Amino acid sequence: MSSKDLENKRIQLVHYLKKSDAINSALIEKAFLKVKRELFMPSNLIEYAYSDNAFPIGFNQTISQPYTIAVMLGLLNAREGMKVLEVGSGSGYVCALLSEIVGPKGKVYGIELVEGLFEQAKENLKLQGCNNAELFFGDGTKGLSERMPFERILVSAACGFVPEPLIEQLSEGGRIVAPVGDHWSQQLQLAEKTEGKISKSFPLPGYFVFVPLKRT
Ligand code: SAH
């Protein structure tokens with residue numbers, strides 16, 4: 001498949017995500033148009049890069065579905081210049097989207113528990129030309145204390161509740177978006193910090209299925 005074919009498919013996917021209200025801002029639309037999902041897919045699946053599905057990326061993990069990512073990014077509402085953490089950076093695709101959203105004055109940190117994925121994602125981000133995203137290998141349930149605080153935190157794996165260190169490492173006025181529920185289904189939880197207090201809500205009716213957030 002030529003790069004022109006892939007580009008056309010990328011544009012089509014963005015149209016679909018806008019029509020279905022998953023993409024709700026120009027900043028998020030621009031990011032989806034800029035980031036080449038094919039760079040984050042296993043080489044044998046490149047032709048499916050713009051199919052709106054999750055795909056295996058090895059180590060029993062998946063690259064998230066574009067629809068789900070768009071909805072999460074909408075709730076997260078990251079803006080230019082912000083410092084953002086993604087827990088469970090996997091292939092690096094979501095970090096690349098966030099890196100476009102926050103722009104050159106912002107910074108994205110990704111943390112991943114599987115070393116092979118962490119190494120692969122570093123390569124993927126280089127190919128995409130992301131230079132404001134930095135990846136760490138480790139357990140993201142503990143957050144990333146050496147780079148705290150974060151204005152936005154995105155948890156990309158299913159959890160029963162948002163781990164306490166993430167709440168501690170969130171800036172005043174900051175937001176966390178996380179898939180919260182049991183093993184089989186989760187809803188997107190939005191946690192906001194105001195005057196040191198956390199308020200949590202499930203703003204959307206839909207359910208999702210994420211791979212589990214592991215605790216070490
Ligand atoms: N957003 C990524 C992948 C999400 S899949 C993408 O689109 O490619 C969720 C990822 O969370 C997996 O790569 C898994 O290895 C990772 N993960 C699970 N538990 C974790 C933990 N405690 N700390 C960091 N990463 C974790």
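All ligand and atom numbering here is 1-based and tracks the order in the structure. Computed from a predicted model, the values in this text were never measured in an experiment.
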To check you understand the geometry: which heavy-atom pair defines the closest contact between Leu213 and Cys159, and what is its length?
CD2-CB, 3.8 Å
Checking Arg152 against Tyr109: charged group under 6.0 Å from the ring centre and within 45 degrees of the axis?
no
If we number the atoms of ligand 1 from 1 as shown, the ones under 4.0 Å from a heavy atom of Val94 are 1 (N), 7 (O)
Which atoms of ligand 1 are found less than 4.0 Å from any heavy atom of Ile111?
24 (C), 25 (N)
Which atoms of ligand 1 sit under 4.0 Å from any heavy atom of Gly138?
23 (N), 24 (C)
Using the rule side-chain contact (heavy atoms from CB on, under 4.5 Å), only one of Val177, Leu166, Thr141, Val180 pairs with Val155; which is it?
Leu166
Atom 13 (O) of ligand 1 - nearest protein heavy atom and its distance
Glu112 OE1, 2.8 Å
Can you list the steps and then say if Met82 with Phe150 is a side-chain contact (heavy atoms from CB on, under 4.5 Å)?
CA-CA 8 Å; Met82 282 186 169; Phe150 305 100; over 6 Å; no
Does the pair Glu80/Lys105 count as a salt bridge with the N-to-O cut at 4.0 Å?
no
Of the protein's non-hydrogen atoms, which lies at the shortest distance from atom 12 (C) of ligand 1, and what is that distance?
Gln61 OE1, 3.3 Å
Report yes if Arg215 has an N/O atom closer than 3.5 Å to an N/O atom of ligand 1; otherwise report no.
no
Which heavy-atom pair separates Ala133 from Ser99 by the least distance, and what is that distance?
CB-CB, 4.3 Å
Say you draw a straight line from CG of Leu125 to OH of Tyr93; how long is it, rounded to the nearest 0.5 Å?
12.5 Å
Measuring from the heavy atoms of Cys95, does anything fall under 4.0 Å of ligand 1?
no
Below 3.5 angstrom, do we get any N/O pair linking Leu113 and ligand 1?
yes
For atom 19 (N) of ligand 1, which protein heavy atom lies nearest, and how many Å away is it?
Lys214 N, 2.8 Å
Looking only at protein heavy atoms, identify the closest one to atom 6 (C) of ligand 1 and say how far it is in Å.
Ser91 OG, 3.6 Å
How close does the nearest protein non-hydrogen atom get to atom 7 (O) of ligand 1, and which residue and atom is it?
Ser64 N, 3.2 Å
Does Arg10 make a cation-pi contact with Phe32 (under 6.0 Å, within 45 degrees of the axis)?
no
From CA spacing to verdict: side-chain hydrogen bond (donor to acceptor under 3.5 Å, both in side chains), Gln12, Asn8:
CA-CA 6 Å; Gln12 276 173 26; Asn8 286 334; over 6 Å; no
Using a 4.0 Å heavy-atom cut-off, say whether Ile63 meets ligand 1 through its side chain, its backbone, both or neither.
both
CA sep, side-chain torsions, deciding dist, call: Glu86, Ser156, side-chain hydrogen bond (donor to acceptor under 3.5 Å, both in side chains)
CA-CA 7 Å; Glu86 189 199 8; Ser156 288; 2.4 Å; yes
Would you give the length of the straight line joining atom CD of Glu164 to atom CD1 of Ile167, rounded to the nearest 0.5 angstrom?
4.5 Å
Nearest neighbour in protein (non-hydrogen) for atom 11 (O) of ligand 1
Gly88 CA, 3.1 Å
Of all the non-hydrogen atoms in the protein, which one sits nearest to atom 1 (N) of ligand 1, and at what distance?
Glu86 OE2, 3.0 Å
Ligand 1 atoms nearer than 4.0 angstrom to some heavy atom of Val211 are 5 (S), 9 (C)
Considering all heavy atoms of both residues, which atom of Met148 and which atom of Glu168 are nearest to each other, and what is their separation?
CE-O, 4.2 Å
Are Glu100 and Lys30 within salt-bridge range, i.e. N to O under 4.0 Å?
no
In ligand 1, which numbered atoms sit nearer than 4.0 Å to a non-hydrogen atom of Asp139?
21 (C), 22 (N), 23 (N)
Under a heavy-atom criterion of less than 4.0 Å, does Ala121 contact ligand 1?
no
In terms of heavy-atom contacts, Ala121 and Gly92 come closest through CB-N, 3.9 Å
Below 4.0 angstrom from a heavy atom of Leu117, which ligand 1 atoms are there? Numbered from 1 as shown, please.
13 (O)
Tyr93 to ligand 1: N or O pair under 3.5 Å?
no
Atoms of ligand 1 less than 4.0 Å from Ser89 heavy atoms?
2 (C), 8 (O)
At less than 4.0 angstrom from any non-hydrogen atom of Val114, what atoms of ligand 1 do you find?
15 (O)
Gly140 to ligand 1: N or O pair under 3.5 Å?
yes
Nearest to atom 5 (S) of ligand 1, what protein heavy atom do you find, and at what distance?
Thr62 O, 3.3 Å
